[in-house]
Number of protein chains: 2
Amino acid sequence: MGTKQQITERISALLRDSKLSITDTRVKILELFMRSNGALEHSDFEKLAGKSFDRVTVYRTLQTFLEKGIIHKIPTTDTSVRYAVCKSECTEHHHHDHHVHFKCENCGATTCLDETDVPSIQLPKGYAMHNVEVVVNGVCKSCK
Amino acid sequence: MGTKQQITERISALLRDSKLSITDTRVKILELFMRSNGALEHSDFEKLAGKSFDRVTVYRTLQTFLEKGIIHKIPTTDTSVRYAVCKSECTEHHHHDHHVHFKCENCGATTCLDETDVPSIQLPKGYAMHNVEVVVNGVCKSCK
DNA sequence: TTTTTATTTGCAACATTGTTGCAAAATTAC
DNA sequence: GTAATTTTGCAACAATGTTGCAAATAAAAA
């Protein structure tokens with residue numbers, strides 16, 4: 001994972017690459033993403049960081065990160081929107097999200113299984129496929 | 001699809017089988033599900049039915065249908081919760097939802113591809129799989 | 001470094017969405 | 001039909017998401 005110093009440097013580089021100003025809020029939010037190796041939803045930021053930043057700022061920051069391809073959304077069956085940091089292959093214009101998401105029914109954590117490829121699917125005639133989202137529900141490694 | 005009369009009879013039977021009272025609200029909501037052959041979210045009911053029933057009643061009705069296995073949720077990447085009627089194999093205790101969901105990027109409709117099976121997925125060691133949700137984004141038959 | 005310009009943030013106010021308790025109304029059981 | 005049970009609608013509230021604008025901060029220019 002690296003020292004605090006290294007993480008901060010990596011985050012600064014990431015923001016610079018995306019042509020975004022380096023601000024406290026953005027750095028802190030990205031730190032939270034990198035430390036929790038799972039998906040986060042909006043309410044997590046208030047829980048994890050107290051009220052060190054405004055709700056509105058969090059919404060806007062996540063929106064910006066989405067547009068720049070720094071994070072991606074993960075489908076859920078509830079009203080929350082869950083986000084995870086993208087791998088290096090993702091850019092603003094081309095978004096590779098061809099991995100499987102795992103939601104643990106015990107601890108509630110959602111993780112990206114980066115090594116698990118999304119299988120190919122044969123659609124009925126007349127449908128055009130752009131991308132496939134897969135969420136597996138079950139029990140994760142640490143909860144068994 | 002059948003006549004209005006036949007649909008009403010089918011709905012009554014469905015409610016009776018689930019041991020639910022047959023009420024105007026429940027019948028109307030099921031009618032909306034059967035007529036729109038796609039998934040519906042909460043706001044759709046207010047749009048489709050005006051304010052012929054209360055918001056609270058819709059929430060409670062959908063909750064009841066979920067518990068009885070009459071409808072199921074479909075994962076989304078936004079804050080809405082989308083529902084679709086289950087096939088006959090679904091019951092209160094055993095829920096078969098092994099089909100693929102398709103979200104059209106053009107018309108926005110979400111449909112169940114009942115004939116398209118969810119492919120098997122090889123998880124990393126240590127993970128237990130309970131069920132798999134697949135949502136394909138693309139362009140549907142009617143929008144091409 | 002200091003000044004200028006552009007961007008980001010926080011606040012306030014609001015809009016939307018979801019929840020709970022309780023009395024009135026409707027449905028089912030008798 | 002009447003009684004018992006369930007469901008509904010209202011009111012009030014809680015939580016979540018959005019917008020405009022002035023103050024604060026970061027980047028660019030001098």
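Convention: sequence-line order gives letters A, B, ...; per-chain numbering from 1.
- Protein atom CG of A:Leu15 is 18 Å distant from nucleotide atom P of D:dT25, rounded to whole Å.
- Judged by closest nucleotide on DNA chain C, B:Glu46 is the one of B:Leu20 and B:Glu46 placed further toward the 5' end.
- Rounded to whole angstrom, the span from the CG atom of A:Asp78 across to the P atom of D:dG17 amounts to 11 Å.
- No donor-acceptor pair under 3.5 Å is formed between the side chain of A:Thr57 and the backbone N or O of A:Phe53.
- Here C:dT16 presents its P atom at 16 Å from CG of B:Asp44, a figure rounded to the nearest Å.
- As a whole-Å value, the separation of B:Tyr59 OH from D:dT8 P is 16 Å.
- One interatomic measurement links the two molecules: CD1 of A:Ile29 to P of C:dT8, which rounds to 13 Å at whole-angstrom precision.
- Side-chain atoms of A:Ser18 never come within 3.5 Å of backbone atoms of A:Leu20 as a donor-acceptor pair (strictly under, hydrogens ignored).
- Look at NZ on B:Lys68: it is 11 Å from P on D:dT6, rounded to the nearest Å.
- Distance alone, capped at 3.5 Å, places no donor-acceptor pair between the B:Asp17 side chain and the B:Leu14 backbone.
- Residue contacts for A:Thr79: at a heavy-atom cut-off of 4.0 Å it reaches the sugar-phosphate backbone alone, with no base atom in range.
- For the atom pair B:Glu133 CD and B:His101 NE2, the distance stands at 7.5 Å (nearest 0.5 Å).
- Between the side chain of B:Asp117 and the backbone N or O of B:Pro119, no donor-acceptor pair lies under 3.5 Å.
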B/S/- along nucleotides 9-14 of chain C (protein heavy atoms under 4.0 Å) is BBBB--
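- Between the B:Arg82 side chain and the B:Lys73 main chain, no donor and acceptor come within less than 3.5 Å of each other.
- The pair B:Lys4-B:Glu31 counts as a salt bridge, with a side-chain nitrogen and a carboxylate oxygen less than 4.0 angstrom apart.
- In terms of position on DNA chain C, the residue among A:Ser21 and B:Ile22 whose nearest nucleotide sits closer to the 5' end is A:Ser21.
- Separating the NZ atom of A:Lys19 from the C1' atom of C:dA6 is a distance of 17 Å, rounded to the nearest angstrom.
- Per the geometry, CZ belonging to B:Phe45 stands 12 Å off P belonging to C:dG18, to the nearest Å.
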